[in-house]
Amino acid sequence: MGELGAFLKIGRLEAPERDPQERVHDYREFVKSLPLVELRQQGARCMECGVPFCHHGCPLGNLIPDWNDLVYRDNFRDASAQLHRTNNFPEFTGRLCPAPCEAACVLEIDEGNAVSIKQIEVAIVNRAWDEGWIVPVPPVRRTGKTVVVIGAGPAGLAAAQQLNRAGHTVTVLERDEAGGGLVRFGVPDFKIEKSVIERRLDQLRAEGVEFRYGVDVGVDIEGSALREQFDAVVVATGSRVPRDLPVPGRELDGVHFAMEYLYQRARALAREQGAAPAGAPAAPAPDSAISAAGKHVIVVGGGDTGADCVAHSHREGALSVTQIELVGEPPVSRPDAITPWPRWPMKLRSSYALKEGGERDFAISTTHLTGSGGKVEQIHWAENTGKPPFDLVPGTEETRPAGLVLLAMGFLSPEPLVLEQLGVKRDGRGNAAAAAYATSTDGVFAAGDARRGQSLIVWAINEGRQCAAVVDAWLGTR
């Protein structure tokens, strides 16, 4: 283990961030790294518990105490090797994962005192890239078997890399103009710069994975045709059917799903930076562009996607930004009766975006939207009881100005067309029914949000890895 008793002598340090009032004027990453000395001290706090509950908290089963100790001993190269044994893309999770491992850390029994696992993880992989330790790992031999992966998000990329390294010939089909899925188009540059994604795609290409962009499976090519062309098919399309807001006025111009806004912003920034991939859609006409500039913005939904909408609105120069949540305000500290350690605590958190400005209201139900000339101008809401069935509280009706309303209420299921064409049965929620990754159609497998529903990036990578192992075993029997 690290330094004996260090967890009693050294306090937890949070990741340093650029000043909120500075960072709202640019799109560069705002989370910084601790200096090396302090990072090693944070690694020393790990007790290397006899039962490492952080393993249980991490869907990938990352070998966290191992690389904490290696960082403490300044052995970053071996730490990188340990990290990559279980995680294909630790620079993704180190930036974007909410860190359920930290919630499960034994030190988190003293709330707020967990080991800084996420900071250590991203520091390891950043150092590995800087030092040139991360290189292509092509297979020693080819099996002659072919696999097509539908979707280039984290689940699809992890599955593709694992299957390619097993020796199979892998082709990834992606309807967008570049790889990364929501990590590229849904997550803002100031949380993960797109060069971070592109260098991983370069690694996969160098290992032999073929990418075909701008191919919309189900439209440009029939799912049934893929079954004829490839030995195995992996569906990793994500959960992309958004939850809607069925209230009067929903049809007004200026009311959009969050991903419509975030995709447009991502593409606009890529064009401004001269980094738009070939095949990227042209910029929308000014009168059809979704913009928060000079508007009162309402974000409906309190998750990460909602926070990203809030932050983009700040950077565009919105007049005001308000985020509303259907549920009631959670408690400030971990409610042991509901989510005891080591479970993920259902407690009040303030997003990075709200540090930059804006308001947040809980237990709010939107009743209707109004405007003139076909454009939204007001949102009407009322307070609710804060828990199902969210009954309205009489006398709490309120009207706010709203020039842009962004719906960030999560996703329901994968889009059905691909599953239908592949003949895949779906579960009660509309996901691919694939309890052990194999679907009802022989040779067709599913991973990530398309299989388990909307979830975390760390689950997506784990799903891709696990699915790849199942596909590899299945191909071995053919």
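Everything numeric here is computed off the predicted structure, so don't read it as measured data.
In this structure a side-chain-to-backbone donor-acceptor pair under 3.5 Å is missing from E356 to V24. Looking only at distances, no side-chain donor or acceptor of N462 sits under 3.5 Å from a matching main-chain atom of V458. With hydrogens and angles ignored, the 3.5 Å screen pairs a side-chain donor or acceptor of T439 with a backbone N or O of V444. A side-chain donor-acceptor contact under 3.5 Å links W341 to the backbone of A104. The main-chain N or O of V125 is never found under 3.5 Å from a side-chain atom of S80 such that the two would form a donor-acceptor pair.
The pair E102-K118 does not meet the salt-bridge criterion, since no charged nitrogen lies less than 4.0 angstrom from a carboxylate oxygen. The pair R451-E463 meets the salt-bridge criterion, since a charged nitrogen lies less than 4.0 angstrom from a carboxylate oxygen.
Note on ring orientation: taking the six-membered ring where Trp is involved, the planes of Y352 and F30 are parallel (angle under 30°, cut-offs 30° and 60°).
For R212, the side-chain hydrogen bond (donor to acceptor under 3.5 Å, both in side chains) partners at least two apart in sequence or on another chain are E210. Every residue meeting the side-chain contact (heavy atoms from CB on, under 4.5 Å) condition with Q421, not counting sequence neighbours, appears here in chain and number order: E222, L417.
Because its NZ or CZ atom is not both nearer than 6.0 Å to the ring centre of F89 and within 45° of the ring axis, R200 does not count as a cation-pi partner of that residue.
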With a cut-off of 3.5 Å and sequence neighbours excluded, list every side-chain donor-acceptor pair involving residues 132-143.
unit_1	atom_1	unit_2	atom_2	d
R142	NH1	N164	OD1	2.9
R142	NH1	H168	O	2.6
R142	NH2	N164	OD1	3.1
R142	NH2	E207	O	3.4
T143	OG1	K145	N	3.1
T143	OG1	H168	ND1	2.8

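Atom CZ in R315 sits 10.5 Å away from atom CZ in R265 (nearest 0.5 Å).
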